[in-house]
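Chain naming here is simple, since letters A, B, ... match the order of the sequence lines and numbering starts at 1 in each. Predicted model, so just to flag it, every value in this text is computed and none were measured.
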Number of protein chains: 2
Amino acid sequence: MLDFIKYLNEFSQLSEEANEDLLPKLRTKSFKKGQIINKEEQVCKNLYFIDKGLVKHYYHHKDRVFILRFFSETNFFTVLDSFVNQTPSQFITIALEDTETTAIDYSDFDELCKKHHSFETSARKLFTMAAVVNLKRIKEMFDADAAELYKEFMNENHHLLNRISLGDTASYIGISQVTLSRIRAKK
Amino acid sequence: MLDFIKYLNEFSQLSEEANEDLLPKLRTKSFKKGQIINKEEQVCKNLYFIDKGLVKHYYHHKDRVFILRFFSETNFFTVLDSFVNQTPSQFITIALEDTETTAIDYSDFDELCKKHHSFETSARKLFTMAAVVNLKRIKEMFDADAAELYKEFMNENHHLLNRISLGDTASYIGISQVTLSRIRAKK
DNA sequence: AATACTTTTTTACATAGGTTAAAAAATTAC
DNA sequence: GTAATTTTTTAACCTATGTAAAAAAGTATT
């Protein structure tokens, strides 16, 4: 709960009043390993901060699974389009480990944005960062072949390597697990 | 110039003072067909609104060209990460047609965000939309094969079809032009 | 330790899409 | 309207990666 506030203040310093208004809106939400945090077709009502644990954000398409992102400790996550537009999600969010989060409800988030300029600023920077991260992912998907993507994934997620299965890693890269096995065999 | 203001107000209504402060910061910038708007390694100093024309946002990698997006009339564009962090761009922006834009400088943009809560709100919504659009592109790239991507591209950009070459279309989809020709031949 | 379950690798085969080169078609310039 | 240039298509060949099924390795449970 305090970490949520700390990290939001790191995007841009919140005013004292904004911080005071924020705290009572926060709720602790815990999820068991394997538990679905947000289903397909369900509107994502919360912005989450992970205090502990790991989640994956994915969807099914033609019998295959694609993982958009993993989120772990000290990161915010939500189902972006579903949260900001309050529309049904195309994606599924599931806990890969027992996970503890600090969450804020959409209407509270929206209200704080309206009430406090400094909160709005942090929100802007938070979502801008999300846009930049997504752009980076598009570029990576374009210009790297599967072997490079795996290498990059390992570099950027070395702290998560023993927590994420090879099957999930393959789904993140966008290849079959067989292909990932072949890539690993070549080294 | 007035369209820039109109479209920014559509994200979220700006206060009267914000609108008044915004107008004198806007500059008209015109580019000839083929002219580079922002080079690689160059910091993108402006947020642009296209009054007329068409630009592509791309990069080179291993002798291939990848187009991240096309931008045309009544759309904002910038080199996202370069603009928001004022760091060198990895991408190139070039005019595909004679293009007229209304532009605002980063420092003016930043100042208006700080000064006017309502401007900050519009900025948040603008960048949030960019994040959602990028997420959608990631999903498309994952779950659609080249033929589907081409079909989707045509559906979503029918107004641009005769303005974008097949070579550029292929670079947007992430395939070679030869492959695109094959796809077209099959229909 | 033996059984069951899950994860990862291996093999065989099929297909999508890359590369290169050349031809054909369309567009632009003079 | 002919030549020059650019764009698009076609063909031949090759590689990466998909699918399916089986084997192997690893983990958990009693």
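Stacking of A/R137 on the aromatic ring of A/Y172 is recorded, both the 6.0 Å distance cut-off and the 45° axial limit being met. Cation-pi geometry between A/K139 and B/Y59 is met: the NZ or CZ atom falls under 6.0 Å from the ring centre, inside 45° of the normal.
The CD1 atom of A/I183 sits 17 Å away from the P atom of D/dT15 (whole-angstrom rounding). When rounded to the nearest whole Å, the span between CG of A/L149 and P of D/dA16 equals 15 Å. Atom NZ of B/K33 and atom C1' of D/dT6 are 11 Å apart (whole Å). At whole-Å resolution of the value, CD in B/E148 and C1' in C/dA16 are 13 Å apart. Computed from coordinates, the A/R184 CZ to D/dA25 P distance equals 14 Å when rounded to whole Å. B/I175 has its CD1 atom 19 Å from the P atom of D/dA16, to the nearest Å. We find that OH of B/Y150 is positioned 15 Å from P of C/dG17, with the value rounded to whole Å. Atom CG in A/N162 sits about 15 Å away from atom C1' in D/dG26, given to the nearest Å.
Each of B/V178 and B/I164 has a nearest nucleotide on DNA chain D; the 5'-most of these lies closest to B/I164.
Nucleic acid contact for B/S176: base, since at least one base atom lies under 4.0 Å from a heavy atom of the residue. Across all strands, B/S181 comes closer than 4.0 Å to base atoms (heavy-atom distances).
Remark: the A/R184 side chain and the A/Y150 side chain contain an N/O donor-acceptor pair separated by less than 3.5 Å. Under the 3.5 Å distance criterion, with hydrogens and angles disregarded, no donor-acceptor pair is assigned to the side chains of A/T121 and A/S118.
Using the six-membered ring where Trp is involved, A/Y48 and A/F31 have ring planes that are perpendicular, over 60° apart on the 30 and 60° scheme.
Between the two ends of the helix from C/dA1-D/dT30 to C/dC30-D/dG1, each summarised by a five-pair axis, the helix axis turns through 50° (rounded to 10 degrees).
Remark: of the listed residues B/N46, B/T101, B/I92, B/V55, B/V55 is the sole one forming a side chain to side chain contact (heavy atoms under 4.5 Å, CB included) with B/I37.
For A/T179, counting side-chain heavy atoms from C-beta on, the closest listed nucleotide (D/dT17, D/dT19, D/dT10) is D/dT17. Closest contact between the side chain of B/L166 and the listed nucleotides D/dT10, D/dT8, C/dT11 involves D/dT8. The nucleotide whose nearest atom lies closest to any side-chain atom of B/Q177 is, among D/dT9, D/dG18, C/dT11, D/dT9.
Taking side-chain N and O atoms only, B/R182 has no distance below 4.0 Å to OP1 or OP2 of C/dA16.
Checked for salt-bridge contact, A/K62 and B/D143 miss the test: no charged N lies under 4.0 Å from a carboxylate O.
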